[in-house]
2 protein chains.
Amino acid sequence: MRRPTSYDVARAAGVAQSTVSRCFRDDGGISGDTRARVHAVAAELGYTPNAVARSLILRRSNVVALIVTDFTLRTNPHVIDGISQALNAAGKRLLLMTVSGDNDVAGAVVGAMEYPIDGLITGALIGDENLARFLARGVPVVSLNRRVDRARVDCVATDHATAAGEVADLLYGAGLRDFLCMTGPVDSAVNAERVDGFEARMRERGGARVARCVSGAGYDEGRAAFAAYVARHGRPEAVFCANDQLAFGVMDACRHDLGWRIPEDVAVVGFDDLPEAARPAYRLTTVRQQFEEIGRAAIGLLVRRIAAPEAPARTVLLPGQLQRRASTL
Amino acid sequence: MRRPTSYDVARAAGVAQSTVSRCFRDDGGISGDTRARVHAVAAELGYTPNAVARSLILRRSNVVALIVTDFTLRTNPHVIDGISQALNAAGKRLLLMTVSGDNDVAGAVVGAMEYPIDGLITGALIGDENLARFLARGVPVVSLNRRVDRARVDCVATDHATAAGEVADLLYGAGLRDFLCMTGPVDSAVNAERVDGFEARMRERGGARVARCVSGAGYDEGRAAFAAYVARHGRPEAVFCANDQLAFGVMDACRHDLGWRIPEDVAVVGFDDLPEAARPAYRLTTVRQQFEEIGRAAIGLLVRRIAAPEAPARTVLLPGQLQRRASTL
DNA sequence: TTGTAGGCGTTATCAG
DNA sequence: CTGATAACGCCTACAA
């Protein structure tokens, strides 16, 4: 019932505790003979090195903390999967902390701060002063999909603005001039980059009208907000949505609430390329984010920074890949 | 850069280290005066108690490990969200370990075993002997959606069999007699419970034919496998799918690959009630699993068992809620 | 109410 | 190649 320690193994194997320790780290200086005996005894006793004691002395835990909003967890689990797999490959563990709508961030930060974590990956806004606290402790920080202008904070993100510009080109090129952007929540930096990128390109091209509609981040919010918008302002020629969930909501509003055809009456574009986007129900033109790749890149940045803590901050910008489907001409 | 310790705080505040320790545990026997001073100094120094050192001496870490397959992570993130939120509420941390298709389970088990975790929640098959190792260490284990016949292993699951029986009643009651079950992968115990429950009820009712079609677990697999099946065996009257993703695949195969109408030509039922199931694209009759509630219940069981380690094993069976929609008559 | 001291299970440095 | 032994940072009797 009590967990066996290296002392227990040492006693049973007739060696010193330090010898057991060495055997479990493949320290090198160990005769094959004692090595085998120690491992045999350990297996019999069910001994596993105590990661906590190891972390205490090494001052690092092999654990990486990931802070994400529950919305991200529910709608982009692929990012988390990518991170998790990359961490497995790197022999590190994942401490997952979810925050509800940028709320209870404080608790997550405190939690992460109590551990000697090898690194922090954050997909949620944790605030500048919190960021500073991690950096002050020498904890490498990687920001997901959000630029952070700060020394030693690496960043991995889809190039939202450029991709949104391509979306703008596509629609503009099709002769459309009257646009609506479903921005999602106002405080989402990611969504803002997308919408701003779209608008910027439209301004360059000239002669287009771009309206904005703010809403919650999800399907239902998008569907309702869009319906309410068009009730007051009429039908735009095309709708650019800050994410696919919003786009699904808009499409369903068009077809099922308003009786409009897509793309004949209105074109719709999303962002993310969730699996559903490609399916017959939507065939949504959207921008693919390489979710798994984002996860892998984040771990790559982390590992590099652990090796070179003072290296200049890097940003890995992954291109978004425009997927043309039947929701646009 | 070096993390401040309670000694640093003690020195700066002019008290003993043990006093600092007490202040951070609200130990009681501390004068409000020193308490305030210590906290002030700690804040200034940026001191946070080291969870690792605490875990070492307390022999528990306030960390709960969760082992799930990557498929679960991607398709049922709500369960994980529920667990995460319940853990937040309970003041515990989540160590997330994903395994790919019941593969690399060994690594996850080793990882979890190295920590003095407060409990283990597993949604993946980790094997009987591994289970035994955790139990031998007195680590509470909760199994998700999978019955485990073992003393002290608690379990929280949807009542798959009963719910599947209700599905059978619904279809049988509509006069249908020729069924196909999309089982998903053969080795999935959860899916098996659902399909078995469906078949059992059909046997009770009598006069029905129930065929099975094995496939992978996801949308594409279901869509392809169903199309291949009907090419050889013709059209069933109704299809019961072991999960919603399979059902979406089947529905799209029917409408877009085969040109069949739902439910006129074939009825389709799923299991899970993912958000998409309710949307106009599918309107899928399915069984709602209370994902968040599953997560909460798992933590509840864990907390209870930590308080009473030797209590008899409990199973929390959550009823599945049949959602009748337009994919059935 | 506060201080002293031993121990939690490792790793790592020195000797031997 | 192996064995002592001092940390690592905190908790907790016990003593004052």
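Here is the naming used below: chain letters follow the sequence lines, and residue numbers restart at 1 for every chain. Just so it is clear, the structure is predicted and the values come from calculations on it, not from any experiment. Excluded from the calculations below are hydrogen atoms, water molecules and symmetry mates; all remaining heavy atoms, backbone and side chain alike, are included.
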Student: Over how many whole Å does the gap from Y7(B) atom OH to dA5(C) atom C1' extend?
Tutor: 9 Å
Student: At under 4.0 Å, does any side-chain N or O of R60(A) touch on OP1 or OP2 of dC8(D)?
Tutor: no
Student: Less than 4.0 angstrom between a side-chain N/O of T19(B) and OP1 or OP2 of dT1(C), yes or no?
Tutor: no
Student: Ignoring backbone atoms, establish whether Y47(B) has a side-chain N or O less than 4.0 Å from OP1 or OP2 of dC10(D).
Tutor: yes
Student: Closest nucleotide of DNA chain C for A16(B) versus for V20(A): which of these residues is on the 5' side?
Tutor: A16(B)
Student: Nearest whole Å is fine: how far is dT1(C) P from R37(B) CZ?
Tutor: 15 Å
Student: Answer with base, sugar-phosphate or nothing: what part of the nucleic acid does L56(B) contact at a heavy-atom distance below 4.0 Å?
Tutor: base
Student: For I30(B) versus C23(B), what's the shortest heavy-atom pair and its separation?
Tutor: CG2-SG, 4.1 Å
Student: Is it true that, when you exclude R314(A) itself, more than 12 heavy atoms of the residues, nucleotides or ligands shown sit nearer than 6.0 Å to its CZ?
Tutor: no
Student: Nearest whole angstrom, please: distance from the P of dG9(C) to the CG of L58(A).
Tutor: 17 Å
Student: Of the nucleotides dT2(C), dT11(C), dG9(D), which has the atom closest to the R25(A) side chain?
Tutor: dT11(C)
Student: Classify the nucleic acid contact of S18(A) as base, sugar-phosphate or nothing, counting any heavy atom under 4.0 Å across all strands shown.
Tutor: base
Student: Heavy atoms only, 4.0 Å cut-off, all strands: where does S21(A) land among base, sugar-phosphate and nothing?
Tutor: base
Student: Do the side chains of R2(A) and D8(A) get close enough for a salt bridge, i.e. N-O under 4.0 angstrom?
Tutor: yes
Student: Please tell me whether N145(B) and Q289(B) have a donor and an acceptor in their side chains that are separated by less than 3.5 angstrom.
Tutor: yes
Student: Hey, is D128(A) close enough to R150(A) for a salt bridge, meaning N to O under 4.0 Å?
Tutor: yes
Student: Select one nucleotide: of dT5(D), dA7(D), dC11(D), the one nearest the side-chain heavy atoms of I57(A).
Tutor: dA7(D)
Student: Whole Å only: how far is the CG atom of N62(A) from the P atom of dT10(C)?
Tutor: 16 Å
Student: Is R60(A) salt-bridged to D118(A), cutoff N-O under 4.0 Å?
Tutor: yes
Student: Heavy atoms under 4.0 Å, any strand shown: does F24(B) hit a base, just sugar-phosphate, or nothing?
Tutor: nothing
Student: Quickly work out the R11(A) CZ to dA4(D) C1' distance and round it to whole Å.
Tutor: 16 Å
Student: Round to a whole Å and report the spacing from CG of N50(B) to P of dA7(D).
Tutor: 18 Å
Student: Any chance you could lay out the side-chain hydrogen bond (donor to acceptor under 3.5 Å, both in side chains) test for S84(A) and T98(B), step after step, and finish with the verdict?
Tutor: CA-CA 7 Å; S84(A) 177; T98(B) 59; 2.6 Å; yes
Student: Taking CZ from R35(A) and C1' from dT2(D), how many angstroms apart are they, rounded to a whole number?
Tutor: 15 Å
Student: Identify, between S6(A) and R22(A), the residue whose nearest nucleotide on DNA chain C lies closer to the 5' end.
Tutor: S6(A)
Student: Rounding to 10 degrees, work out the angle separating the end axes of the helix from dT1(C)-dA16(D) to dG16(C)-dC1(D) (five pairs an end).
Tutor: 40°
Student: Do R59(A) and dG9(D) have a side chain to base donor-acceptor pair shorter than 3.5 Å?
Tutor: no
Student: Between dT13(C) atom C1' and Q17(A) atom CD, what is the distance in whole Å?
Tutor: 14 Å
Student: Across the strands shown, which category fits S55(B) at heavy-atom distances under 4.0 angstrom: base, sugar-phosphate, nothing?
Tutor: nothing
Student: Regarding V15(B), tell me which of base, sugar-phosphate or nothing describes its non-hydrogen contacts under 4.0 Å with the strands shown.
Tutor: sugar-phosphate
Student: Ring-plane angle category for F24(B) and Y47(B), please: parallel below 30°, perpendicular beyond 60°, tilted otherwise.
Tutor: perpendicular
